[in-house]
Amino acid sequence: MTSVAGILRVAIAAPVSTPFDYSAPVGLDGPTPRPGQRVLVPFGRGRRVGIIIAMPTASPVPAERLKPVMAILDDEPLLTENDLGFLLWAADYYRYPLGEALFSALPTRLRRAVPTGSGGRQGWRLTSQGRAGCPETLARAPKQAQVWERLRGGSGAVPSSELTADLGDCSAALRALARRGWVEPCRIAPCAVAGERSLADHGPVLNPEQRAAVEQVRAAFGRFQPFLLDGVTASGKTEVYIRLLDDLLAAGGQALVLVPEIGLTPQLGRRLAARLNAALVVLHSGLPDAEREEGWRRAVRGEAGVLLGTRSAVLVPLPRLGLVIVDEEHDLSFKQQEGFRYSGRDLAVRRAQLAGCPIVLGSATPSLETLANVRSGRYRRLPLAQRAGGAGSPTVGLVDIRAQALQAGLSPRLLECIERELTADNQVLLFLNRRGFAPLLTCHDCGWISGCPRCDARLTLHRSSHQLRCHHCGLVRVPPVRCPHCGGPDLRALGQGTERIEEMLSRRFPGLPVARVDRDSTRRRGDLTDLLNAARRGEFRILLGTQMLTKGHHFPGVTLVGVLDADSGLFGTDYRAPERMAQLLIQVMGRAGRAERPGHVLIQTRHPDHPFLRVLLRDGYPAFAEAALAERRTAALPPFSHQVLIRAEASEAALAYDFLRAAARAAAVPFRDQVVLWGPASAPMERRAGRWRAQLLVQSPRRASLRGFLDHWIPVLKGLPTPARVRWAIDVDPQDMT
DNA sequence: AGCACGCCGACT
DNA sequence: GTCGGCGTGCTC
């Protein structure tokens, strides 16, 4: 241990799990170093951006080996001590490199060594030399001339984002003009953003359950308390959120609202903006970088009253956080599936705890984890059992499609019902969780199947784009005209995808407007919103789509919901498959009969007697969940135990296995009675994108035991002689075993 | 992650 | 005899 004045402990943007110590620059003028500021530091023979996480008085590294930081990049800390505490906790919990976890909370530009001033937006203005400059000298530099004109036309400084929006990328031109001394970068002070409450819109009158829910959460303002807003579809959860947000904003707090998918932000955003007297900021990965950065700044400076976003928004610093809302909390999209594998929902709970504020988890189909927390008394349940607006629950029928003459997967009974609803001028929603035309192509002569050469999967036929595509590795091929194996001419597309259903419907009901909603039909930004709006206006008679269509969208004119294939979820390898299937079915069923017209749901299955389906449809989701929880308890599965998955992949299967076997052997004896190791076993999809994948599951009834074990085990794993080309990663609380 | 250092095959 | 393959280890 050495003692030196001015040690900076820095988390570096590199895949290392420990911070590095540097000495503070002495005699260098500039901002005083403080935790939360970014620094530029020498690292190896290069340089790195890092974030000061602490200023210790002593370092384990000898003073003479401490290098001085090269620059302090921010005048003011970007992250407060609280933000740092939260993010460092998250990095530790999910065993992810410190610096990378911290930088994932910052806009991408700030991951590079660009300095920032103390606030405001980055902009450019003319120097006195530039104002006096004559355009003739720019005759041969049209882009520079454009930029110069734009800056001269504006009053004072122009934000970079505006320049880019008007003129495209002008960074090169700006650099050239700066060299001439005509322009200089500057900061532009933010202008206050006013609330946009449309009228004196106070919304509908709350029913007693909604009022009770609002009251309970409001009573918890200012302290940590998780709530489960357990509301059947159409029970008015959003209205409860709005009242709570309104109250919190009136008290001067900031709120964080998380939704599982980008597609849900426009709709909820519009509703919140219309009703709340505060600036709303929307953040998700679908926005351009500049826009994200601007939103991030408004959130961090406290200008945003409400931050609405997808899981990554949980990492954004909010100085006056007073309420967290996680809508559709059961949704698996909250778990990041690569890199920093955090759960947005679980981190939201931790954040609320650190901020000392209530958190509301909303769902019609709560996750078993959350239900277990309700039972243990950690979370408080706020039931909303009544459908708002007096809509009745839909009637549900199972259609046994064994030995039925199907038309593109639709049974006669379903077709009949569709026809009846169409005649009555109603809308129909059909759900099939498979995009493309057909999930495989096969040769009728020799039995060849369109397998992916890089994955254990079939190539899906996309007929409109004339492609065979692998949905797992992205491989694209032109469909063969003759069998690649035997040369036979009789290639057949087997099975149903949304494209094929669409084609069948257009043949069966010529001229009928059908909206297909899947990842292929909503490629571009705004496509989904446009389609959904048109659907809501009644421009389509049939809505056909994948999961996309089921998540939180309202279609008041839909009176019939058809589930084309309920069986795919019944026999999954994952123990969570039934839970997911149940949530999906309940969610899709909730799309029917939301307005004054009663709804019907028809579910096609080849297993009408399957116990899961029967319990779910006869007794409802709560009964299903209770049975599922009982089974989990018996089997000692989550939420009654805790898991960590080590995933390994390599160009050869044996390499991944060897690594995991060595990893299992390296688990020290003292932990053997606290944790159980399962495997190594091959991943459910063993080959993916040309790599062989295996995994090792670690399980313990006690979270603390598991953490203690990992503290010991992970350093050992890192020291293991890793066979060539083996990539491995740790997944804490894995949600998906694929 | 970079980028070194460090031991085994085809070339002036 | 060297140039260079990428395997292993370090960076305050």
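Numbers restart at 1 for each chain; the letters A, B, ... are given by sequence-line order, proteins then strands.
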Expected rows: protein N/O vs nucleotides 10-12 of chain C N/O, under 3.5 Å:
from	atom 1	to	atom 2	distance (Å)
C:dT11	OP1	A:R65	NH2	3.1
C:dT11	O3'	A:G44	N	3.3
C:dC12	OP1	A:P42	O	3.4
C:dC12	OP2	A:K67	NZ	2.4
C:dC12	O3'	A:D21	O	2.9
C:dC12	O3'	A:K67	N	2.6
C:dC12	O2	A:D21	N	2.7

Think A:R351 forms a cation-pi with A:F86, using NZ or CZ under 6.0 Å from the six-ring centre and within 45 degrees of its axis?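 Yes; both conditions hold, so A:R351 lies above the ring face of A:F86.
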Partner of A:R341 under salt bridge (Lys or Arg N to Asp or Glu O under 4.0 Å), picked from A:D731, A:D346, A:D733, is A:D731
Per nearest nucleotide of DNA chain B, the residue lying toward the 5' end, A:E100 or A:R45, is A:E100
Pairing of A:R576 and A:E369 as salt bridge, 4.0 angstrom limit |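 Salt bridge flag = yes for A:E369 with A:R576.
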For this session: Go through the steps for A:Y96 and A:Y94 under the test ring-ring contact (aromatic ring centres under 6.0 Å, His included), then give the verdict.
Result: CA-CA 5 Å; A:Y96 197 66; A:Y94 290 105; 9.3 Å; no
Check: A:Q37 side chain, A:I51 main-chain N or O, donor-acceptor pair, under 3.5 Å:
no
